[in-house]
Amino acid sequence: MLGNMRRILLLALLLANPGFAARPVIFDTDMGNDIDDALALAMLHALTDRGECRLIGVTLTNAHPSAVPYVRMINRFYGRADLPVGAAIQTLKGGAGDGYMTAALHSAPVAEDKAAEPAPTVLRRLLRSSAQKVVIVQTGFSTNLAALLNSPDGAMLAKDKVALVVAMAGNFAGGEPEYNVRIDIDSAKAVFERWPTPIVFSGFEIGRELLYPAASIEHDFDYARPHPIAESYRAYHQMPYDRPTWDLTAALEAVRPEHGYFTRSEPGTVQVDPNGGTHFIPGQGDRRYLELDPSTRTEILEVLSLLASQPPVRK
Ligand SMILES: [Ca+2]
């Protein structure tokens with residue numbers, strides 16, 4: 001009920017104020033290591049088309065040479081060829097995979113291949129020039145946000161220009177150190193412990209419980225052949241397979257927090273141990289993690305697949 005009330009209020013605000021600009025979003029991703037980053041990028045384009053947010057740039061933490069051309073190809077497919085893309089600044093061991101990018105580029109190559117600026121440079125410029133506070137969706141390693149934080153005025157810039165970070169990272173249900181943390185532990189520690197704005201975590205345990213259905217790939221993307229997202233999914237693993245929606249859940253929470261798809265934990269701090277384990281300490285602090293009510297699983301999966309497969313609005 002509360003979610004409905006908030007939706008009505010938001011709609012009233014939009015109607016009363018046509019100049020109301022949708023919240024800017026930066027997508028910081030390790031695109032290429034797993035397929036959920038590609039589906040999450042498709043979702044952010046769809047949500048931008050719907051006027052629910054404004055994707056203003058993509059910054060990478062996967063240094064594979066196909067990562068920048070791949071992201072540009074997807075952005076072009078969704079009608080945003082000029083969207084700024086920042087290149088990864090470091091090749092991280094175990095974090096520079098190419099599960100589908102080169103394969104998908106074969107079906108839709110990028111015409112020009114101009115060099116991309118380093119991701120922290122792009123991040124800094126996007127934040128500086130944004131009139132509104134930005135939401136950062138971080139679905140890879142914390143390398144770029146840590147680089148910003150460790151630069152002379154980085155913490156001040158983040159505090160002034162970032163509303164919230166929603167990070168797919170960590171594991172808040174016990175268990176092994178999560179991949180996005182394990183690949184760059186120092187950066188994760190810096191960001192999770194020192195970043196000056198609230199952070200909401202979608203932990204490993206959330207996306208694992210919500211499997212993206214292979215049937216959606218087989219049917220919902222038929223409006224374009226070849227479809228770069230469907231081709232990527234098919235290249236990543238042998239079809240048919242369902243895949244956890246880790247990064248999609250972070251994108252959804254970042255853009256539609258008022259829908260209450262997930263429950264947010266009480267506030268606290270997050271500590272990162274030397275092995276990459278994440279530990280939540282309730283109390284003082286502005287870190288929260290998402291919790292999933294299993295009864296909402298069907299609804300959330302339907303929303304994720306509808307948004308990820310929404311055809312672009314051609315301009
Ligand atoms: Ca990812």
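When a ligand or atom number is given, it counts from 1 through the structure's own listing order.
When the Ca ion (ligand 1) is compared with the N/O/S atoms of Asp30, atom OD1 turns out nearest.
Proximity of Phe172 to Glu205: side-chain heavy atoms (C-beta onward) are separated by under 4.5 Å at one or more points.
Residue-environment remark: CD (Glu218) exceeds the threshold of 12 foreign heavy atoms within 6.0 Å.
Residue contact annotation: Thr139 places an N/O/S atom under 3.0 Å from the Ca ion (ligand 1).
Aromatic pair Tyr233/Phe221: ring centres not closer than 6.0 Å.
The nearest pair of heavy atoms linking Thr278 to Asn171 is OG1-N, 3.0 Å.
With the Ca ion (ligand 1) as the vertex, OD2 of Asp247 and OD1 of Asp37 span 70° to the nearest 10°.
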